[in-house]
Protein chains: 2
Amino acid sequence: MPQVGARPALSRSVEDYLKAIYRLALQASPVATSDIAQALDLSAPSVSGMVKRLSEQGLLEHVPYKGVELTDRGRRAALGMLRRHRILETYLVEKLGFTWDSVHPEAERLEHAASESLIERMALTLGNPAFDPHGDPIPQADGSVAEVESMPLTEIPPNSTVEILRVVTSEPKRLRYLAEFGLTPGSILYLVDRQPFHGPVTVRVGRKDRVLGHEMAALVLCRPTDGDQIA
Amino acid sequence: MPQVGARPALSRSVEDYLKAIYRLALQASPVATSDIAQALDLSAPSVSGMVKRLSEQGLLEHVPYKGVELTDRGRRAALGMLRRHRILETYLVEKLGFTWDSVHPEAERLEHAASESLIERMALTLGNPAFDPHGDPIPQADGSVAEVESMPLTEIPPNSTVEILRVVTSEPKRLRYLAEFGLTPGSILYLVDRQPFHGPVTVRVGRKDRVLGHEMAALVLCRPTDGDQIA
DNA sequence: TCGTTAAATTAGGTATACCTAATATTAATA
DNA sequence: TATTAATATTAGGTATACCTAATTTAACGA
C-alpha cells in the first residue's frame, strides 16, 4: 500500500539524474552523457550505465552515442523535483529565516525526502508563489512553468533602468557578493556604463555606483522598466 | 570541507539502527539482535552484520550471543535523531497544519535529510518545545531528556481526575481513535471505572463517558491532578 | 577515404545493505 | 548431564550505484 502523499518511488540518484538532464536539455537537446557526468560529478561509465537503466524504465530515450531526451514521464518527474526544490528554498527563506545563499544544499537534501503533501502545504502557506528567492520560476503542480522574458545585465544598453528578475547561480560566495550590492530579484537599478569586449558593468543601486565583472553581471537577468528614472 | 550545519555522515540505515537500539534499550539492556530485527523489520543475519560494522565504528558495544549497548557516541547520535524527529513532528503539526496521526512517516524521512541548523531554526520558531504533539519528550541540544512521572490509564484508581501527558503509539488508526474521544496530551479526564483483569476502562471527557479497551488505555499516560473536580 | 581524436560504451571490480540457508552457541528441560 | 529449542552468527548470494581500464563508435581534417 503506497504511502499517503508519497510519489512514485525513485531513488535519490535517479531523481538527481532527471533533474540534471532537465536542466541540461534547456541548453541543448539531446543531452550528451558526458555533460550529465560533469553536472553530477560522476564518471562517464557510471552515467552510461544509469542512462541505460533509466531508458529501460521509460524515463528517458537514449540513442547510443547520440544522447538522451526525457520522456513525458521523465519530464514530469523532473519538474516535480524542481517544484519541490524551489518551494523548499522559498519556504526556508520566507518562513525560517535562511539566507538565499545558504538554502540550496538544504533543499537539495530535503527535496528527496519531502512528501507531495508537505510541499503542497508549504506552497499554500507561502501563497503558491510563482518564483523562488533567486527568481527561478516554480513549476506548478500541473507541470506548467512561467516563462519570463529577461536579459542579462551584460546586454542592457547604458543609461537604462531595469528591474532584477532572476539571479542564475547557486554559489554562496557569488550570491552573498550580489546581495551585498543590493542586487536581488525585485530590486531596481540603473545601468550607468558597460565596457565592450566582456568588460565590467557599472550599475547604480540606490545612491551607490558598483562595478561588476562581466561574468558576474551575466548572472543577473533583468527586464527594462517603463520609465528611465533613477531610484 | 564539511557542510555548514551538517552532522557526522551516518547512512540512513545506521541512523535507523541507532534510533531503534536506543528505544529498545529503554525497555531492556543489553538489546537482543532479534529485537532489533523485529523493530526494523529486517532479517536476523542483516542485523548481525550491521551490528558488527557499528561496533567496529565505535557506535555500540557488542558481546556476541548476548546483545548490544550504545556507546556514548552512539547514544549521542541516537538522541540527535530523536530530537530531529520530534522537532519535525511538532513543527509539522504546529506550523503546517498536519494532524498528529499523519506526521510520523513524514518526520521519519525528513529526520535523515534535515541539517542541524534547520532543526535548530524550527525549534527556535516553536519556542524550544520540551514535548512533541504525542507528549514525547524532545531531547535538548545538549543531550538531556526531560523525565516525567506518569502512569498508564490502566493503573489509575477509579474516581480520579488526571491530565493526559503522553500517548505512546504512532499508529494513525489508534491516534485518530483517541483524538476523536478528546484523548490528547493536555486534556483532563475523569476515570469513572476500571474493570479488573485487563478489562475496559470508562473515562469521562467533558460531558461524555467513553469506554476504552485495556490495550488502548495502556497507551495513555497520565498524571493525577491535585483536585478531583470533573472538568 | 583514411586515420586520428574525442566521446561513449562495455568489461570487470568495489562498497553497502539487504536476503536465505546452514551452522554455531546458549539456555532450558528431561 | 545430555538433549533440544531458541537465538545468533557465518556463509554465500542479490541489487544498486559507483569506480577504472579497455574497447568501440563517430566525426573531422589531411
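Remember, predicted model here, so these are calculated numbers, not experimental data. Protein chains get the first letters and strands the later ones, always in sequence-line order, with residue 1 at the start of each. Side chains included, hydrogens not; waters and symmetry mates left out as well; all remaining heavy atoms used.
In this structure, A:Leu18 atom CG and D:dA17 atom P are separated by 12 Å, rounded to whole Å. Atom CD1 in A:Ile36 sits about 13 Å away from atom C1' in C:dA7, given to the nearest Å. A:Gln38 has its CD atom 16 Å from the P atom of C:dA6, to the nearest Å. Look at CD on B:Glu56: it is 13 Å from P on C:dA17, rounded to the nearest Å. The distance between atom CG of B:Asp35 and atom P of D:dA6, rounded to the nearest whole Å, is 16 Å.
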Enumerate all atom pairs, one protein N or O and one N or O from nucleotides 18-22 of chain D, separated by less than 3.5 Å.
residue : atom : partner : partner atom : Å
D:dC18  : OP1  : A:Ser13 : OG           : 3.4
D:dC18  : OP2  : A:Tyr17 : OH           : 3.3
D:dC19  : OP1  : A:Ser43 : N            : 3.4
D:dC19  : OP2  : A:Ser43 : N            : 3.0
D:dC19  : OP2  : A:Ser43 : OG           : 2.8
D:dC19  : OP2  : A:Ser46 : OG           : 2.2

Please tabulate, one pair per line, each protein N/O and nucleotide N/O from nucleotides 24-29 of chain D that are separated by under 3.5 Å, including the distance.
residue : atom : partner : partner atom : Å
D:dA27  : OP1  : A:Lys66 : NZ           : 2.3

Interface polar pairs with nucleotides 12-14 of chain D, N/O, under 3.5 angstrom:
none

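Scored by the salt bridge (charged side-chain N to carboxylate O under 4.0 Å, His left out) test, B:Asp72 finds B:Arg75 as partners (sequence neighbours excluded). Residues passing the salt bridge (charged side-chain N to carboxylate O under 4.0 Å, His left out) test with A:Glu61, sequence neighbours excluded: none. For B:Arg121, there are no salt bridge (charged side-chain N to carboxylate O under 4.0 Å, His left out) partners two or more places apart in sequence or in a different chain. By the side-chain hydrogen bond (donor to acceptor under 3.5 Å, both in side chains) test, A:His134 pairs with A:Glu89, sequence neighbours left out.
For the atom pair OG1 (B:Thr99) and CG (B:Leu92), the distance works out to 10.5 Å, reported to the nearest 0.5 Å. Taking CZ from A:Arg84 and CD1 from A:Ile119, the interatomic distance works out to 5.0 Å, rounded to the nearest 0.5 Å. Atom CE of B:Met81 sits about 5.5 Å away from atom NZ of B:Lys19, to the nearest 0.5 Å.
Within residues 20-33 of chain A, no residue has a heavy atom under 4.0 Å from DNA chain D.
Contact check, B:Lys52 against D:dA8: no side-chain N or O comes under 4.0 Å of OP1 or OP2. Checking the phosphate oxygens (OP1, OP2) of C:dA8, no side-chain nitrogen or oxygen of A:His62 falls inside 4.0 Å. Applying the 4.0 Å criterion to OP1 and OP2 of D:dA6, one finds that B:Ser34 has every side-chain N and O outside that range.
Taking 4.5 Å as the limit, every side-chain heavy atom of A:Tyr91 sits out of range of all side-chain heavy atoms of A:Leu118.
Projected onto DNA chain D by closest heavy-atom contact, B:Val63 and A:Ser11 fall at different nucleotides, the more 5' of which corresponds to B:Val63.
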Show the atom names and distances, to 0.1 Å, of all donor-acceptor pairs under 3.5 Å that link a side chain in residues 31-45 of chain B to residues at least two apart or in another chain.
residue : atom : partner : partner atom : Å
B:Ser43 : OG   : B:Ser46 : N            : 3.3
B:Ser43 : OG   : B:Ser46 : OG           : 2.8

Side-chain donor-acceptor pairs under 3.5 Å in residues 49-59 of chain A, sequence neighbours left out?
residue : atom : partner : partner atom : Å
A:Arg53 : NE   : A:Gly49 : O            : 3.4
A:Ser55 : OG   : A:Val51 : O            : 2.9
A:Ser55 : OG   : A:Lys52 : O            : 3.0

Residues 145-156 of chain B, side-chain donor-acceptor partners within the protein, below 3.5 Å, at least two apart:
none

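The side-chain hydrogen bond (donor to acceptor under 3.5 Å, both in side chains) analysis of residues 123-132 of chain B, with sequence neighbours excluded, yields no pairs.
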Checking B:His85 against B:Asp136 for the side chain to side chain donor-acceptor pair (under 3.5 Å) test, could you report, in this order, the C-alpha distance in whole Å, the side-chain angles of both residues, the deciding distance, and whether it holds? CA-CA 11 Å; B:His85 184 92; B:Asp136 299 325; over 6 Å; no
Go through A:Ser13 and A:Ser11 one step at a time and tell me if the side chain to side chain donor-acceptor pair (under 3.5 Å) criterion holds. CA-CA 5 Å; A:Ser13 296; A:Ser11 73; 4.5 Å; no
